[in-house]
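We count ligands from 1, going down the list as the structure has it; atoms in each ligand are counted the same way.
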Amino acid sequence: MKPIAVCFVCLGNICRSPTAEGVMRYQLAAARLSDRVIVDSAGTGNWHIGEAPDERAQYAARGRGYDLSQLRGRQIGAADFERFDLLIAMDDANVAALNRICPPAHRDKIRLLMEFAPQADAREVADPYFGGANGFETVLDQCEAACSGLVAALRVQLQAG
Ligand code: 4NP
């Protein structure tokens, strides 16, 4: 059966979406679903194409056992709306930017990450780029909670299919 393809999207693709990608890969491996779900990430902006994740994001992730060092920034493009089943944005600005370039037929693929953690207070993952180290821990907390909900939702979808 065709794997489900998921792309996490933020502004720069060096803080939030690579963190979500690393957490998701880890959780899928733990759930033995790595071969059923394709995971990627991208930014709506073009400033950090080809760059490794922000050192602060890598450091915080490493502290919880996630290695982001091999990831590289890239910008979302029109072809991604064909390639991916879900484009999972970190905040409302990401959703708006995705909607501006998304073909109308694929708009329902765009979601907010925190939809998958309905018990959490926040509905957005805040940009940690201009803040302190604590912001990166919050991003990790949010990604861990939401990826757990996302893995559960994908497992249901895979079993139904
Ligand atoms: P991200 O964070 O969207 O979580 O990767 C940012 C990274 C870089 C910039 C903004 C946000 N920037 O303005 O360069």
| field | Test side chain to side chain donor-acceptor pair (under 3.5 Å) applied to Arg62 - qualifying residues, sequence neighbours left out | value | none
| query | Is it true that the side chains of Tyr26 and Glu144 contain a donor and an acceptor less than 3.5 Å apart? | reply | no
| said: With a sphere of 6.0 Å drawn around CG of Asn134, does it hold more than 12 non-hydrogen atoms of other residues, nucleotides or ligands? | reply: no
| said: Walk me through whether Phe8 and Met90 qualify under side-chain contact (heavy atoms from CB on, under 4.5 Å). | reply: CA-CA 8 Å; Phe8 297 103; Met90 300 296 130; 4.0 Å; yes
Considering only N or O atoms, set out every pair between ligand 1 and the protein closer than 3.5 Å, with distances to one decimal place.
residue, atom, partner, partner atom, Å
ligand 1, 2 (O), Asp127, OD1, 3.2
ligand 1, 3 (O), Leu11, N, 2.9
ligand 1, 3 (O), Gly12, N, 2.8
ligand 1, 3 (O), Arg16, NH2, 2.9
ligand 1, 4 (O), Arg16, N, 2.8
ligand 1, 4 (O), Arg16, NE, 2.8
ligand 1, 5 (O), Gly12, N, 3.4
ligand 1, 5 (O), Asn13, N, 3.2
ligand 1, 5 (O), Ile14, N, 3.0
ligand 1, 5 (O), Cys15, N, 2.9
ligand 1, 14 (O), His48, NE2, 2.8

| Are Asp91 and Arg123 ion-paired here, with the side-chain N under 4.0 Å from a carboxylate O? | no
| message | Under a plain distance cut-off of 3.5 Å, with no hydrogens placed, do Thr44 and Asn94 share a side-chain donor-acceptor pair? | response | no
